[in-house]
J.: 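After the structure tokens below, expect a handful of questions from me.
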Amino acid sequence: MTRRQVAEPATFAPDMFEFVYFARPDSTIDGISVYRSRMAMGDLLAETAKKELAKAGIVVDVVIPVPDTSRVAALQCAQHLGIPYREGFVKNRYVGRTFIMPGQTQRRQNVRKKLNAMPIEFKDKVVMLVDDSIVRGTTSKEIIQMAKEVGAKKVICASCAPPVR
């Protein structure tokens, strides 16, 4: 039996989506707490939102996360901004990840099956929705429309993920 190396070993470089989306919040990657990294994303989002909202003259009534992985960042952002945090969407756990579904129509239909907006949290409010990331924008468009359908006056959509460069 012989043994030979045909390629150099790869350097471990976790994808940023491990911190943003895939990893459980109780995970630690390369000595970095996923939970703490999501809190830091919420702090950074709050700083950006504070500037942008002031520039646009917008006063937000409530911060609502897009379940599930954006909750930590949305809560941190809301606390940092001094704005109430509310759970406005109920998630159907039996619908898979919509961003990886094969067709646009299927992705759009499944977003509607996956999330249900609670009118009591949206009616007559300026809402800041915090999502973990925006991959295609399909989910964002549908969620914004759902929020408006249950009475949101205005919807501000924010992503806690850093820009991919």
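For this chain, numbers begin at 1 and follow the sequence in order. Small disclaimer: the values here were computed from a predicted structure and weren't measured.
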J.: Quick check for you: to the nearest 0.5 Å, what is the distance between M128 atom CE and L53 atom CG?
T.: 6.5 Å

J.: Is it true that M118 and V63 fall in one hydrophobic cluster, defined by side-chain heavy atoms closer than 4.5 Å?
T.: no

J.: Working to the nearest 0.5 angstrom, can you tell me the gap between E52 CD and L45 CG?
T.: 11.0 Å

J.: Taking side chain to side chain donor-acceptor pair (under 3.5 Å) as the test, write out the residues that go with D26, two or more places apart.
T.: R24

J.: Testing the basics here: between S70 and V130, what is the closest heavy-atom pair and its distance to 0.1 Å?
T.: OG-O, 3.0 Å

J.: Enter the distance from C77:SG to M39:CE here, rounded to the nearest 0.5 Å.
T.: 12.5 Å

J.: Evaluate the side-chain proximity of K123 to V150: yes if any heavy-atom separation is below 4.5 Å, no if none is.
T.: no

J.: If we only count heavy atoms from C-beta on, is the K148 to V155 side-chain gap below 4.5 Å?
T.: yes

J.: Using a distance-only test with no angle check, is there a side-chain donor-acceptor pair under 3.5 angstrom linking T69 and D132?
T.: yes

J.: Looking only at heavy atoms, what is the nearest atom pair of F22 and R38, with distance?
T.: N-NH2, 4.4 Å

J.: For residues L115 and P67, determine if any side-chain heavy atom of one lies less than 4.5 Å from a side-chain heavy atom of the other.
T.: yes

J.: Can you tell me if CD on E8 sees more than 12 non-hydrogen neighbours from other groups inside 6.0 Å?
T.: no

J.: Quick one: OG1 on T48 to CG on D43, what's the gap to the nearest 0.5 Å?
T.: 11.0 Å

J.: For a 4.5 angstrom cut-off between non-hydrogen side-chain atoms, does I58 reach V126?
T.: yes

J.: Other hydrophobic cluster members with V6, side-chain heavy atoms of Ile/Leu/Val/Met/Phe/Trp/Tyr under 4.5 Å, chained?
T.: none

J.: Are the side chains of K50 and H80 in touch, meaning some heavy atoms are under 4.5 Å apart?
T.: yes

J.: Can you tell me how far the SG atom of C157 sits from the CD1 atom of I143, to the nearest 0.5 Å?
T.: 7.5 Å

J.: Over all heavy atoms of both residues, which pair between E18 and I29 is shortest? Give the atoms and the distance, please.
T.: CB-CD1, 3.8 Å

J.: Are I144 and V62 co-members of a hydrophobic cluster defined by side-chain heavy atoms under 4.5 Å apart?
T.: yes

J.: Show me the side-chain donor-acceptor pairs of residues 81-89 shorter than 3.5 Å, one per line, residues at least two apart or across chains.
T.:
residue: Y85; atom: OH; partner: E87; partner atom: OE2; Å: 2.6
residue: E87; atom: OE1; partner: R71; partner atom: NE; Å: 3.1
residue: E87; atom: OE1; partner: R71; partner atom: NH2; Å: 3.1
residue: E87; atom: OE2; partner: R71; partner atom: NE; Å: 2.9

J.: Let me check something: do V66 and F122 share a hydrophobic cluster, defined by ILVMFWY side-chain heavy atoms less than 4.5 Å apart, either directly or through other members?
T.: yes

J.: Could you grab the distance from atom CZ of R36 to atom OG1 of T28, nearest 0.5 Å is fine?
T.: 11.0 Å

J.: For V60 and V127, which heavy atoms make the closest approach, and how far apart are they?
T.: CG1-C, 4.4 Å

